[in-house]
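Okay, structure first, notes after.
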Amino acid sequence: MTHVLMLLSSVAGFAALALATERQQEALFGGALSTRATRMLRLAGWVLLAVCLAVAVAHGGWGLGLVVYSGYTSLAAGLVYIALVAAARRPPRPWR
């Protein structure tokens with residue numbers, strides 16, 4: 001269960017950090033979000049990554065926990081990157 005929590009929190013954290021960038025906001029939403037929304041996304045991203053770190057260290061100690069954290073954050077960053085590339089390559093859908 002802890003591994004699922006670490007993976008989900010790191011994927012959500014990197015997704016929030018990606019959505020906090022102006023480039024991804026333009027690509028996905030068609031315009032920049034408000035400054036407050038961008039700050040909240042950035043804060044949520046870092047908090048979720050800190051949650052992943054806390055769970056990893058609590059589960060495996062500082063030695064193994066940091067290694068596991070590094071692995072999950074690398075996997076999560078790759079998954080978010082692939083999702084962003086796939087979203088950029090999909091054909092635009094007309095709004096109804």
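Here OG of S70 is found 11.0 Å from CG of L75. Values are rounded to the nearest 0.5 Å. If you take CD on E26 and OG1 on T21, they are separated by 10.0 Å, rounding to the nearest 0.5 Å. Between the CG atom of L49 and the CZ atom of F14 there is a distance of 5.0 Å, given to the nearest 0.5 Å.
Of all heavy-atom pairs between L17 and R42, the closest is CD2-O, 3.7 Å. When all heavy atoms are compared, the tightest approach of S10 to A76 is OG-CB, 3.4 Å. In terms of heavy-atom proximity, A15 sits nearest to V80 at N-CG2, 3.8 Å. The two residues A20 and L41 come nearest to each other via the heavy atoms CB-CB, 3.9 Å.
V55 is not listed as a side-chain neighbour of S9, based on a closest heavy-atom distance of 4.5 Å or more. At least one side-chain heavy atom of L84 sits under 4.5 Å from a side-chain heavy atom of Q24. The shortest distance between side-chain heavy atoms of T35 and R39 falls below 4.5 Å.
Ring geometry, H3 versus Y72: the interplanar angle falls from 30° to 60°, so the pair is classed tilted.
Residues L19 and M40 do not share a hydrophobic cluster, clusters being chains of Ile/Leu/Val/Met/Phe/Trp/Tyr side chains in contact below 4.5 Å. Tracing side-chain contacts under 4.5 Å through hydrophobic residues (I, L, V, M, F, W, Y), one never reaches L7 starting from V67; they form parts of separate clusters. When hydrophobic clusters are built by joining Ile, Leu, Val, Met, Phe, Trp and Tyr residues whose side-chain heavy atoms come closer than 4.5 Å, directly or via intermediates, L64 is grouped together with L66. L33 and L28 fall within the same hydrophobic cluster, where Ile, Leu, Val, Met, Phe, Trp and Tyr residues are linked whenever their side-chain heavy atoms come under 4.5 Å apart, directly or through other members.
Under a cut-off of 6.0 angstrom, the local environment of CZ in F29 is crowded, with over 12 non-hydrogen atoms contributed by other residues, nucleotides or ligands. The local environment of CD in E22 is sparse, with at most 12 non-hydrogen atoms from other residues, nucleotides or ligands closer than 6.0 Å.
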### Task
Take M6 and V68 through the side chain to side chain contact (heavy atoms under 4.5 Å, CB included) test and state the conclusion after the steps.
CA-CA 9 Å; M6 285 186 283; V68 171; 3.9 Å; yes
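Between the side chain of T38 and the backbone N or O of S34, at least one donor-acceptor pair lies under 3.5 Å.
For the pairing with L8, the side-chain contact (heavy atoms from CB on, under 4.5 Å) check across V11, L5, V4 returns one residue only, V4.
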